[in-house]
Each structure stands twice: as C-alpha cells, then as structure tokens.
Amino acid sequence: MQEDINITKRVLQLNKIPYQDGPVLYWMNRDCRAEDNFALLYAQSIALKEKVPLIVLYNLVPKFLGGTYRNHAFKVEGLQEVERNLAKKQISFFVVEGADTEKQIISFIKKHKCGALVTDFSPLKIALGWKKYIEQRIDIPFYIVDTHNIVPAWIASTKREFGAYTLRPKLHKLLPLFLLEIPLLKKHSYPYKNTEHINWEKLLDKKEFNDATNIAIQKPGSKEAHKVLQSFVKERLKDFGLNRNDPTKDGGSRLSAYLHYGQISPQRVVLEVLKHKNKTIEQVVQKQRKNAKEKSDSLCAFIEELVVRRELADNFCFYNPHYDTFKGFPDWAQNTLNETREDKREYIYSKKQFEAARTHDDLWNAAQREMVKTGKMHGYMRMYWAKKILEWSKSPEDALAIAIYLNDKYELDGRDPNGYAGIAWSIGGTHDRAWFPRKVFGLVRFMARSGCEKKFDVKKYIQMYS
DNA sequence: ATCGGCTCGCGCAA
DNA sequence: TGCGCGAAGCCGAT
C-alpha cells in the first residue's frame with residue numbers, strides 16, 4: 001500500500017478515459033532503464049491489476065535535435081541492455097524508428113490493441129507536443145509519470161521559478177516525502193505473445209551520420225552507470241566540494257550522460273550517496289539551510305547540483321516555452337541586452353569558426369575541443385564557453401543559437417533542460433542577478449579568463465586538449 | 001589576501 | 001513598504 005502511494009503520487013492522467021481491454025503500453029522516452037523507473041512500475045501496476053501483458057516501446061528518432069552518431073550509439077546500446085533486463089521480467093520490448101513520433105505511437109497502440117498508455121515526463125516542447133497530439137487522438141487512458149525528478153516537476157512548483165533560491169525551500173520541504181526506497185519491478189505473470197525481433201545491428205549501422213565524432217569515452221548503459229556511481233561514491237565524492245570546479249581534475253560524478261538518457265535514476269543516486277555517508281536527507285537539508293554559503297561540503301554541494309539545479313532546469317523549460325530563445329530571458333536581462341546591441345565587439349566569429357575551435361583564445365578553443373573530442377565539457381568551462389560566445393557574436397540571438405547548436409550536437413548530455421538552463425544562465429541572466437555593467441554583456445554577469453587563471457591551472461587544461 | 005561596490009527583483013516580514 | 005539576499009564574478013582599494 002505504501003509502495004502504491006509512492007508510485008501514484010508521481011502520476012498525472014491526461015484524459016478521463018477508463019482502462020480498455022488489451023495490454024498496457026509503457027512508451028519509454030526520457031528514462032531508458034528497466035530498474036528504478038516509476039513510469040514502468042506504474043504501467044506494471046495497471047497490467048497486474050487487469051491481469052494483462054505489459055509491453056514497452058521506444059521510438060528511435062535518428063539525429064534527434066541535432067545529435068551525432070555518438071549520441072545515437074550511446075542511446076541504442078543502452079536500449080539493448082533495457083531489452084535484456086525487461087526480458088528477465090517477461091516484459092516485451094519494441095523499437096520503432098521514425099521522426100514522426102506521435103504517429104508512430106498511435107499506430108503502435110492500434111496495431112497491438114493496447115488498453116492503457118503510460119509515458120515518462122519531459123518538459124521539452126517537442127515531447128509536450130507529441131503527448132498533446134496523442135492525447136487528442138486515442139481512446140485509452142494516458143498517464144504521464146515524472147521519474148526523472150525526485151519531486152515531480154508539477155508538484156515541486158506550479159510556476160516558473162525566479163532562481164534557485166525560490167525553488168530550493170520548496171524542494172527541501174518535499175524531498176523527505178518523495179525520497180523513499182524505490183519498489184522493485186516484478187516478474188510479469190502475463191507475457192505478451194506477439195513479440196518482434198529487434199535488429200540491433202541495423203539500428204546501430206547508420207550511414208546517414210556523416211559526422212566525425214569519436215565514439216563516447218564513456219561506456220553506455222545502466223550497468224556501467226552504476227559502476228561509475230560506485231566509483232564516485234568511493235573515490236571522488238569526498239573531495240567533490242574542492243575539485244568540482246577545477247577542469248584539470250576529474251572530480252565530477254561523471255553521471256551526466258547516464259542521467260540525461262535516464263540510464264540511471266537520480267533518486268537512486270541520492271539514496272546511494274546518502275547510504276554511503278550514513279546520512280538522511282533531513283540531515284543534509286538542515287545542514288544546507290544552516291551553512292548556505294559553505295560550498296565545500298561535498299555532500300551538500302552534490303545534492304545541490306543533482307537535485308536543486310537539475311529540477312530547476314526542468315522547472316525553467318516546463319513553465320517557459322521560450323527556454324531556447326531570447327524571449328525566455330528575464331525582463332531585466334532582455335532590456336540590458338537590447339541596450340548593448342550596438343556595442344562594439346572586439347571579435348566576431350561565425351558558427352563555423354566556433355565549431356572548428358578557431359578563436360584567438362586558446363582557453364576557449366580547448367573547451368570546445370574537449371567537448372568535440374570527448375562528448376563532455378567540464379561544468380565550470382561550460383559557463384566561460386557560453387559567455388564568450390555572447391561576447392564574440394554579433395547579437396545575443398546569434399550567440400544563443402550557436403551555443404545551443406554546439407551543445408546539442410556534441411555533448412552526450414545535450415538536448416536536455418540542463419543544457420538550455422545552463423546556456424540561458426550564461427547568456428541571458430536566467431536564475432542569476434544583475435552585475436556590474438559591461439560592454440556587450442550589460443548587466444549580465446561577465447566572466448574573464450583572468451578569473452580562470454586564479455582558480456585553476458589554465459595552461460595545463462589547454463595542454464590536455466591541444 | 002580580503003573586502004566592498006556594482007545591480008535587479010522576489011518573497012517575506014511588518 | 002522595506003529589506004535581505006541570490007547558480008559558480010570582476011575590479012580596484014586596502
């Protein structure tokens with residue numbers, strides 16, 4: 001019973017249609033994992049109640065939002081593991097290909113005569129659009145389950161938050177109610193008969209990706225994600241507070257790509273970290289409140305990044321359809337950036353020049369190369385990188401478009417609310433305050449290379465990616 | 001090495 | 001209505 005509430009409080013029903021005869025379908029989209037997945041657990045609870053099969057579907061959109069082959073392979077190899085893990089529980093897995101996602105889902109429902117549809121939550125416009133289209137054209141119940149946030153986005157806040165400081169107290173209050181042990185997926189007693197063989201080789205062999213990106217330096221999949229989590233907890237967590245802002249040190253969690261593809265559950269990450277530190281979430285929240293400025297406390301700093309900032313990014317996209325354009329910036333930032341439009345730019349580079357890492361600044365070029373080469377730019381450098389694109393573009397609109405294009409194309413964790421929020425913070429003052437006025441930036445916070453030189457060994461970082 | 005000023009607006013206390 | 005303070009800073013004065 002307690003388990004049921006733990007799941008159902010994360011569910012939103014989009015229509016008022018009751019269950020119809022047929023298997024229950026979980027359309028897996030943002031959260032590509034078989035374990036610790038509340039959307040899958042909710043779909044299973046319906047299927048068990050109705051004594052019917054449970055099937056899982058993934059719609060593969062090649063080059064989704066401008067991603068490269070590296071992203072494609074990371075996703076597809078992760079899905080192969082999902083298929084194996086689901087098979088152990090007698091749950092069938094399907095993959096359909098095509099960019100017309102909404103139509104693919106509807107025709108699959110008709111073909112397999114499904115009785116209920118469950119999907120996971122994403123605040124991105126494209127995903128919200130698919131779901132609206134589907135909702136208007138199906139006659140079975142349609143549920144959305146937020147299994148990407150610990151506190152579901154619509155419960156954490158019902159409006160667009162102004163900054164981390166306005167969302168933080170709401171999350172801190174709600175976290176103890178949501179951060180509970182996650183129920184296990186059960187072996188499904190009603191197997192589905194009409195399964196189809198998935199041709200993984202064909203899905204992986206994509207000639208149309210004519211890009212020169214390397215294969216990811218990280219191995220994909222949930223099993224690998226849990227290995228990385230264990231190594232973080234054992235080796236890197238204790239110095240996270242000290243090292244996380246030094247791009248020459250590998251002090252991060254290395255989990256961002258897995259989190260982006262939903263190959264690991266953020267709730268599981270928090271539970272594991274707390275277990276290792278032998279702390280409760282109440283203790284962490286209390287400590288965070290007391291020493292708000294104490295940023296070197298590794299556990300507090302990590303929970304702040306993983307929970308507060310991640311959920312703030314979802315809040316930003318969910319309640320602001322302009323999350324990827326100039327219109328999405330706060331008013332004060334739009335005003336100030338409108339006033340600096342005619343300011344003389346010392347350098348102006350084209351998208352191509354940025355992409356080829358051909359600016360006058362070898363520190364910026366190194367960050368760009370780190371991203372292209374490895375699929376993951378260091379978090380601290382992402383701010384410097386985006387702010388310099390603003391400084392060296394002919395307009396804030398150009399800068400924003402270029403930063404999003406590069407981020408979505410090369411980062412393994414691109415095409416994600418975290419990326420849109422991070423870039424909007426850097427270029428458009430989103431979730432930030434006004435600062436000392438500057439050319440081009442106006443009141444938007446400026447960052448200088450000299451600041452980097454004070455904080456870390458810039459020469460070493462440049463060498464690492466020369 | 002450390003500190004204050006720069007600057008805007010939310011949210012809470014009064 | 002006033003006031004404190006915020007997602008990661010910069011700069012010049014001391």
Side-chain angles (χ1 to χ4, degrees), chain A residues 156-173 239-249 251-253 256 288-298 300-317 319-320 323 328-340 346 363-364 367 377-388 390-391 403 416-456 458 461:
Chain A
S157 169
T158 53
K159 58 165 196 166
R160 177 181 175 185
E161 292 295 336
F162 188 78
Y165 75 102
T166 58
L167 181 63
R168 191 179 296 113
K170 298 178 185 179
L171 282 177
H172 282 178
K173 206 167 87 190
D239 293 322
F240 180 79
L242 279 173
N243 291 341
R244 79 204 148 101
N245 280 342
D246 185 337
T248 66
K249 288 184 185 145
S253 73
S256 65
Q288 230 159 17
R289 233 178 263 149
K290 253 193 229 156
N291 317 317
K293 282 181 186 147
E294 186 51 67
K295 280 172 190 134
S296 59
D297 183 297
S298 289
C300 289
F302 183 64
I303 303 278
E304 172 75 11
E305 284 199 7
L306 179 68
V307 181
V308 178
R309 282 200 345 237
R310 269 187 64 256
E311 306 218 356
L312 181 62
D314 261 38
N315 172 278
F316 172 60
C317 293
Y319 293 112
N320 178 9
Y323 58 77
F329 298 164
D331 289 343
W332 67 265
Q334 288 191 40
N335 293 339
T336 196
L337 290 172
N338 278 329
E339 280 164 20
T340 59
E346 276 199 44
L363 176 58
W364 192 94
M377 190 192 301
H378 189 278
Y380 189 80
M381 291 311 297
R382 291 187 192 204
M383 296 186 286
Y384 179 80
W385 174 85
K387 283 189 180 292
K388 293 299 157 189
L390 171 63
E391 193 175 339
D416 188 283
N418 285 320
Y420 302 121
I423 291 170
W425 180 86
S426 303
I427 295 178
T430 297
H431 302 147
D432 203 8
R433 61 198 274 202
W435 294 90
F436 191 77
R438 279 255 173 190
K439 278 213 166 146
V440 183
F441 285 79
L443 299 172
V444 172
R445 182 195 300 252
F446 174 76
M447 279 176 84
R449 179 168 167 150
S450 57
C452 295
E453 264 149 13
K454 273 179 214 151
K455 287 185 187 68
F456 64 91
V458 164
Y461 178 73

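In the text below, chain A, chain B and the rest are named by the order of the sequence lines, each starting its count at 1.
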Item to check | Under 4.0 angstrom between A:Arg309 side-chain N/O and C:dA8 OP1 or OP2 | outcome: no
Checklist entry - With rounding to whole Å, what would you report as the distance between C:dC10 and B:dG9 at their P atoms? => result 23 Å
Next on the checklist: With a 4.0 Å cut-off on N to O distance, would you call A:Arg449 and A:Glu453 a salt bridge?
Outcome noted: yes
Item to check | Shortest non-hydrogen contact between A:Asn418 and A:Ala313, atoms and distance | outcome: OD1-CB, 3.4 Å
Item to check | Any side-chain heavy-atom pair of A:Phe316 and A:Arg160 under 4.5 Å | outcome: yes
Checklist entry - With under 30° as parallel and over 60° as perpendicular, where do the rings of A:Trp385 and A:Trp364 fit, or are they tilted in between? => result parallel
Next on the checklist: Looking at every heavy atom in both A:Thr340 and A:Val440, which two are closest together, and how far apart are they?
Outcome noted: OG1-O, 2.9 Å
Checklist entry - What is the distance, rounded to the nearest whole Å, between atom CE of A:Met381 and atom C1' of C:dA8? => result 13 Å
Next on the checklist: Taking only the P atom of each, what is the distance from B:dG4 to C:dC5 in whole angstrom?
Outcome noted: 14 Å
Item to check | From B:dC6, C:dA8, C:dC10, nucleotide with atom closest to A:Ala448 side chain | outcome: C:dC10
Checklist entry - Expressed as a whole number of Å, how far does the P atom of B:dA1 sit from that of C:dA8? => result 23 Å
Checklist entry - How close do A:Phe240 and A:Ala301 get, heavy atom to heavy atom, and via which atoms? => result CE2-C, 3.9 Å
Next on the checklist: Which helical stems does DNA chain C take part in, if a stem means at least 3 consecutive Watson-Crick or G-U pairs with both distances below 3.5 Å?
Outcome noted: B:1-6 with C:9-14, B:8-13 with C:1-6
Next on the checklist: Without decimals, in angstroms, what is the distance between A:Leu167 CG and C:dC5 C1'?
Outcome noted: 17 Å
Checklist entry - If you look at every heavy atom in A:Asn315 and A:Glu161, which pair is closest and at what distance? => result OD1-N, 2.9 Å
Next on the checklist: Minimum heavy-atom separation for A:Glu305 and A:Arg244, please, with both atom names.
Outcome noted: OE2-NH1, 3.1 Å
Checklist entry - Where do A:Pro247 and A:Asn245 come nearest, in terms of heavy atoms and distance? => result CD-O, 3.4 Å
Checklist entry - Base, sugar-phosphate, or nothing: which does A:Met447 touch, judged by heavy atoms less than 4.0 Å apart? => result sugar-phosphate
Next on the checklist: Measure CZ/A:Phe240 against P/C:dA8 and give the value in whole Å, please.
Outcome noted: 15 Å
Checklist entry - Are A:Met381 and A:Phe456 close enough that some pair of their side-chain heavy atoms sits under 4.5 Å apart? => result yes
Next on the checklist: Heavy atoms within less than 4.0 Å of DNA chain C: which residues of residues 425-434 of chain A have one? Give them sorted by number.
Outcome noted: A:Trp425, A:His431, A:Asp432, A:Arg433
Checklist entry - A:Glu304 CD to C:dA7 C1': how many Å, rounded? => result 8 Å
Item to check | Identified side-chain contact (heavy atoms from CB on, under 4.5 Å) counterpart of A:Val444 within the set A:Arg438, A:Lys387, A:Arg433 | outcome: A:Lys387
Item to check | Annotated protein contacts, base or backbone, on nucleotides 9-14 of chain B with a non-hydrogen cut-off under 4.0 Å, one of B, S, - each | outcome: BBS---
Item to check | Proximity to the side chain of A:Trp435 - top-ranked nucleotide from C:dC11, C:dA8, C:dG9 | outcome: C:dG9
Checklist entry - What is the distance, rounded to the nearest whole Å, between atom CG of A:Asn243 and atom P of C:dA8? => result 20 Å
Checklist entry - Does some side-chain heavy atom of A:Pro417 sit less than 4.5 Å from a side-chain heavy atom of A:Tyr323? => result no
Next on the checklist: Side-chain N or O of A:Lys455 versus OP1/OP2 of C:dG9: is the shortest distance under 4.0 Å?
Outcome noted: yes
Checklist entry - Hey, does the side chain of A:Arg445 come within less than 4.0 Å of C:dA8's phosphate (OP1/OP2), counting only N and O? => result yes
Checklist entry - Taking CZ from A:Phe436 and P from C:dG6, how many angstroms apart are they, rounded to a whole number? => result 22 Å
Next on the checklist: Categorize A:Arg382 for me: base, sugar-phosphate, or nothing, with a 4.0 angstrom heavy-atom threshold over every strand shown.
Outcome noted: nothing
Checklist entry - What integer distance in Å separates A:Met383:CE from C:dC10:C1'? => result 14 Å
Next on the checklist: In this structure, how many angstroms lie between the P atom of C:dC11 and the CZ atom of A:Phe441, rounded?
Outcome noted: 11 Å
Next on the checklist: I need the A:Tyr420 OH to A:Thr430 OG1 distance, nearest 0.5 Å.
Outcome noted: 14.5 Å
Next on the checklist: Base, sugar-phosphate or nothing for A:Thr336? Non-hydrogen atoms, less than 4.0 Å.
Outcome noted: nothing
